Amino acid sequence: MKIVIADDEVLVRKGISMTIPWNELGIDQVFEASDGKQAFDIIKENEIDILLTDIKMPKMDGLELLEKVSIISPRTVNIVLSCVNDMECVRQAMKFNKAVDYIPKLTMSTDELKSVIQRALAFVKDEET
């Protein structure tokens, strides 16, 4: 299993990358992207199972990234992570195929994120069968 963590905040990206027990979850490759364009390039080159993305990023925001990923990689499951507290933005993010959850960064815990990733993995496994 492969995941991309797309967030322009390096501390958030590294924090997620270092605190989640990836091997325990069955994820063997973790890619990091500092903006939406970099994440999109990674997804074009790799079969990504899960995309964990921020909404507000430079070069390509998370909404545009989700839209493009839904076209080139419709099997990728999406998790949206953001400080944005705009319900219209959240609604837009969740309309893309296989959007599992929206997690507010300010209140996120490692346990909550791990639980959401486990749900996303269940979606991926259902698609494979």
Side-chain angles (χ1 to χ4, degrees):
M1 296 281 179
K2 299 175 188 174
I3 188 169
V4 172
I5 303 167
D7 197 307
D8 59 323
E9 295 179 54
V10 68
L11 293 177
V12 172
R13 204 172 55 244
K14 292 293 182 191
I16 292 169
S17 180
M18 293 171 46
T19 59
I20 300 296
W22 302 110
N23 289 336
E24 181 183 304
L25 296 175
I27 295 174
D28 45 28
Q29 278 192 286
V30 178
F31 296 90
E32 293 182 31
S34 59
D35 59 62
K37 183 181 178 336
Q38 187 179 32
F40 186 67
D41 290 342
I42 291 168
I43 293 167
K44 285 192 303 190
E45 299 295 321
N46 300 274
E47 285 192 32
I48 299 299
D49 300 292
I50 300 171
L51 168 61
L52 175 63
T53 185
D54 190 9
I55 291 179
K56 299 289 184 192
M57 294 184 290
K59 298 185 184 174
M60 180 190 302
D61 69 25
L63 294 176
E64 184 180 353
L65 174 61
L66 288 167
E67 183 175 11
K68 289 184 175 203
V69 169
S70 72
I71 295 166
I72 68 157
S73 184
R75 64 177 288 283
T76 299
V77 176
N78 305 304
I79 301 168
V80 179
L81 175 72
S82 187
C83 285
V84 174
N85 197 14
D86 174 354
M87 287 314 294
E88 178 58 25
C89 203
V90 172
R91 192 184 69 71
Q92 285 290 107
M94 297 307 293
K95 79 176 185 178
F96 294 103
N97 66 321
K98 298 191 178 111
V100 174
D101 210 338
Y102 175 89
I103 304 170
K105 279 187 200 180
L106 299 176
T107 60
M108 162 183 78
S109 71
T110 301
D111 289 339
E112 177 186 19
L113 185 55
K114 183 178 171 184
S115 174
V116 171
I117 292 168
Q118 287 172 317
R119 281 201 334 261
L121 287 167
F123 276 105
V124 171
K125 290 174 183 167
D126 283 349
E127 289 290 314
E128 292 176 348
T129 58

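One is the number of the first residue; the rest follow in order along the sequence. In this text, all values refer to a predicted model and were calculated from it rather than measured experimentally.
Considering CE of M60 and CD of E67, their distance stands at 10.0 Å, rounded to 0.5 Å. Here the CD1-CD1 distance, from I27 to I20, works out to 9.0 Å after rounding to the nearest 0.5 Å. Rounded to the nearest 0.5 Å, atoms CG (D7) and CD1 (I55) are 11.0 Å apart. Distance check: D61 CG to T53 OG1 gives 8.5 Å after rounding to the nearest 0.5 Å. Atom CD1 in I16 sits 5.0 Å away from atom CG in L52 (nearest 0.5 Å). Rounded to the nearest 0.5 Å, atoms NZ (K37) and CD (E64) are 11.0 Å apart.
Counting only distance, with no hydrogens or angles, the side chain of T19 and the backbone of G15 share a donor-acceptor pair below 3.5 Å. No donor-acceptor pair closer than 3.5 Å links the side chain of N46 to the backbone N or O of I48. Judged by distance alone, with hydrogens and angles left aside, the side-chain atoms of Q38 form a donor-acceptor pair with the main-chain N or O of S34 at under 3.5 Å.
Between M57 and L65, the closest side-chain pair of non-hydrogen atoms falls below 4.5 Å. Under the 4.5 Å side-chain criterion, counting only non-hydrogen atoms from C-beta, F31 is not in contact with I43. Contact of the D8 side chain with the D35 side chain is not registered, since no non-hydrogen atoms from C-beta on lie closer than 4.5 Å. Looking at heavy atoms from C-beta onward, V124 lies in side-chain contact with I50 at the 4.5 angstrom threshold. The shortest side-chain heavy-atom distance between D49 and R75 falls under the 4.5 Å cut-off. Two residues are said to be in side-chain contact when any heavy atoms from C-beta on lie closer than 4.5 Å; W22 and D28 fail this criterion.
More than 12 heavy-atom neighbours from other residues, nucleotides or ligands sit within 6.0 angstrom of NZ on K2.
Hydrophobic clustering keeps L81 apart from M18 (ILVMFWY residues linked when any side-chain heavy atoms are closer than 4.5 Å, directly or through intermediates). Residues I42 and I72 are members of one and the same hydrophobic cluster, defined by side-chain heavy-atom contacts under 4.5 angstrom among Ile, Leu, Val, Met, Phe, Trp and Tyr.
The minimum heavy-atom distance between A33 and A39, with the atom names listed, is CB-N, 3.4 Å.
By the salt bridge (Lys or Arg N to Asp or Glu O under 4.0 Å) test, E24 pairs with K114, sequence neighbours left out.
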Going through the distances and angles, do T76 and V4 end up as a side-chain contact (heavy atoms from CB on, under 4.5 Å)? CA-CA 10 Å; T76 299; V4 172; over 6 Å; no

Apply side-chain contact (heavy atoms from CB on, under 4.5 Å) to the pair M1 and K125, showing each step before the final yes or no. CA-CA 10 Å; M1 296 281 179; K125 290 174 183 167; 4.0 Å; yes

